[in-house]
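Working notes for the structure below.
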Amino acid sequence: MRRRIVSRVLLAAVVVALVSAAALYERPRRDEAGSYADGVGVDPSGAVQLLPAGSGATYLPGSRVLTPPDDATPEETAAALTLAHEQREWLASGWLPEGAYAHLVADALLDLKVLTGDGAPLAAMNVNWRYVWPRDAAFVAVAFAAAGHLDDAVGVLEYLQRVQGTDGRFEARYVPDGSGPPDGRLPQTDGTGWAMWATAAVLDAAPAADRADLLERFAPLRERSTAFLLSQVSGRRALPPASPDYWEHRERVVTLGTAAPVLAGLEASARLHELAGDGTTAATVRDAADRSREAVVDHFGRYGYGRYPGPSPADAASAFLLPPYQPAPLPGAVEAWQASMPSMMRPAGGLAPGGSWRELNLSWTPETALYALASASTGDEDGAREWLDWLAAHRTPLGALPEKVNAQNEPAGPAPLAWTCALVVLTVAELEGR
């Protein structure tokens, strides 16, 4: 009897530990019936305010500055008007598309500007998202650069360089001041790949006269990242070890969501070393990238580029095998990406992160926007516009892009979400040849 009681106690302890671990590696969720927020706004003091769903807030035209209330003092009203003018000037200093997506891109850029602050782009302003994920930050940097806001892009890269570990690894996420992670989540290997991809993309978007300075400024980020990425593919299989990826789950087997960004990072590192005049290191990295690409094709590609090596369900990470992350699509990647959509479709018309994603009702805007950019990058302009139109139609009343859309076609989750905003900007920029 005693042995049976002890066994039950141990089993209960194991169950509690597993549940606790699962909770640690998923972004906390609330009731998914609706949106957590209508958006973000700046008050007359310059402080960023989270605007809850149904807030009824409004902005001064062309800005994310909150309209002063009727009882605002003249000083508060003047301060708000000045901040709105500064935001409009910032927006006008870069690129904006003409036509149907002008307001969509303007709103996304303004939200990114508000979320980024002093170079630390928050995933969202909601409590459990008020951190910096290196992956999201990398996309924000590239979006700023594509829109002509190089200083903002450089600021984000400087943040990534500052928080990166000396071994080239990134934590899953960081508190905004860069002092460290907020919890005990495992580091995520893909962050280093995304940081290298973003560095190369920002450099490509920069004026030629600025590139030498940027190469020198981000040499620490380049060298640490390169050493880490090389270590990840040094084994016989040339695939990185298992790591959590954008699904935010523990993994026992390497996923496509890790392998593809590592390959993208190696490709970017080789180009950066070539630009820096270090042909020896560039050749070493290029050889590693070639071996990594062959391994991805061999272990993932022959089975349709599912989530895991071998036969496995589709994953939105198949988009990471296409431009703008890779110089050219991997063999069979376009076909696999196209074939992945049916298993990922959700009732509202958007996509889930993968075919094996257990939740069946929510459309996720980052994955949907990933496919919009993939469509644009592969020449499917009609497909890209269909996804963009869907995203535009499912924003909050204040024009913010939410993380999710529920089965009733309503925004759900935090809003705005930085990763989705960045991907929307990049998709329209791709459509316009930027």
Spacing of [X] atom [atom1] and [Y] atom [atom2] [to the nearest 0.5 Å]:
{"X": "R169", "Y": "T189", "atom1": "CZ", "atom2": "OG1", "answer": "5.5 Å"}
{"X": "H394", "Y": "T420", "atom1": "NE2", "atom2": "OG1", "answer": "13.5 Å"}
{"X": "Y305", "Y": "S340", "atom1": "OH", "atom2": "OG", "answer": "13.0 Å"}
{"X": "L214", "Y": "L272", "atom1": "CG", "atom2": "CG", "answer": "10.5 Å"}
{"X": "D315", "Y": "E367", "atom1": "CG", "atom2": "CD", "answer": "8.5 Å"}
{"X": "Q161", "Y": "R224", "atom1": "CD", "atom2": "CZ", "answer": "5.5 Å"}

[X] (side chain) donor-acceptor with [Y] (main chain) under 3.5 angstrom:
{"X": "R130", "Y": "M125", "value": "yes"}
{"X": "E251", "Y": "D245", "value": "no"}
{"X": "T226", "Y": "E223", "value": "no"}
{"X": "H273", "Y": "S269", "value": "yes"}
{"X": "T192", "Y": "G168", "value": "yes"}
{"X": "S93", "Y": "W90", "value": "yes"}

Taking the side chain as everything from C-beta on, heavy atoms only, tell me whether [X] gets closer than 4.5 Å to [Y].
{"X": "Q164", "Y": "S225", "value": "yes"}
{"X": "T427", "Y": "Y101", "value": "no"}
{"X": "V405", "Y": "W390", "value": "yes"}
{"X": "P309", "Y": "V253", "value": "yes"}
{"X": "R346", "Y": "W357", "value": "yes"}
{"X": "S356", "Y": "W247", "value": "yes"}
{"X": "S243", "Y": "L186", "value": "no"}
{"X": "R64", "Y": "L398", "value": "no"}

For residues [X] and [Y], report the shortest heavy-atom separation together with the two atoms involved.
{"X": "P241", "Y": "T258", "answer": "O-CG2, 4.4 Å"}
{"X": "W364", "Y": "P353", "answer": "CD1-CD, 3.7 Å"}
{"X": "P331", "Y": "V297", "answer": "CD-CG2, 3.8 Å"}
{"X": "G39", "Y": "A400", "answer": "CA-CB, 4.1 Å"}
{"X": "A384", "Y": "L431", "answer": "CB-CD2, 4.0 Å"}
{"X": "F300", "Y": "Y308", "answer": "CE2-C, 3.3 Å"}

Sequence-distant partners of L83, side chain to side chain contact (heavy atoms under 4.5 Å, CB included), two or more places apart: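 V42, V65, E86.
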Close aromatic pair by centroid cut-off 6.0 Å: [X] and [Y]:
{"X": "F170", "Y": "W194", "answer": "no"}
{"X": "F139", "Y": "W133", "answer": "no"}
{"X": "Y371", "Y": "W337", "answer": "yes"}

side-chain contact (heavy atoms from CB on, under 4.5 Å) between F218 and E158, intermediate numbers included: CA-CA 8 Å; F218 295 113; E158 287 177 337; 3.7 Å; yes
Quickly, which of [options] forms a side chain to side chain contact (heavy atoms under 4.5 Å, CB included) with [X]? Name it, please.
{"X": "R293", "options": "L321, L266, L330", "answer": "L330"}
{"X": "L401", "options": "L423, L417, T365, L391", "answer": "L391"}
{"X": "V262", "options": "V233, L239, D190, V296", "answer": "V233"}

Aromatic plane relationship, Y246 with F320 - under 30° parallel, 30 to 60° tilted, over 60° perpendicular: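 The arrangement is perpendicular - the two ring planes meet at more than 60°.
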Derivation and outcome, side-chain contact (heavy atoms from CB on, under 4.5 Å), residues T116 and F144: CA-CA 11 Å; T116 299; F144 277 143; 3.6 Å; yes
Criterion side-chain contact (heavy atoms from CB on, under 4.5 Å) on H85 and L81, from CA distance to verdict: CA-CA 6 Å; H85 176 71; L81 291 171; over 6 Å; no
Salt bridge flag under 4.0 Å for residues R217 and D210: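 Not counted as a salt bridge, because no side-chain N and carboxylate O are separated by less than 4.0 Å.
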Ion pair K404/E359, N-O distance below 4.0 Å: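 Answer for the salt bridge query: no.
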Greater than 12 external heavy atoms within 6.0 Å of E335's CD: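 Above 12, so yes.
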Enclosure of D118 CG (heavy-atom neighbours >12, cutoff 6.0 Å):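 Atom CG in D118 is not crowded, with 12 or fewer foreign heavy atoms closer than 6.0 Å.
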Flag for T378-D380: side-chain donor and acceptor within less than 3.5 Å: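 Short answer, no.
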Option among R434, R211, R271 that satisfies the salt bridge (charged side-chain N to carboxylate O under 4.0 Å, His left out) test with D204: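 Option passing the salt bridge (charged side-chain N to carboxylate O under 4.0 Å, His left out) with D204: R271.
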R395: which of D107, D389, D111 passes salt bridge (charged side-chain N to carboxylate O under 4.0 Å, His left out):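 Answer to the salt bridge (charged side-chain N to carboxylate O under 4.0 Å, His left out) test with R395 among D107, D389, D111: D107.
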Evaluation steps, side-chain contact (heavy atoms from CB on, under 4.5 Å), between K113 and Q87: CA-CA 9 Å; K113 181 68 170 174; Q87 287 192 3; 5.8 Å; no
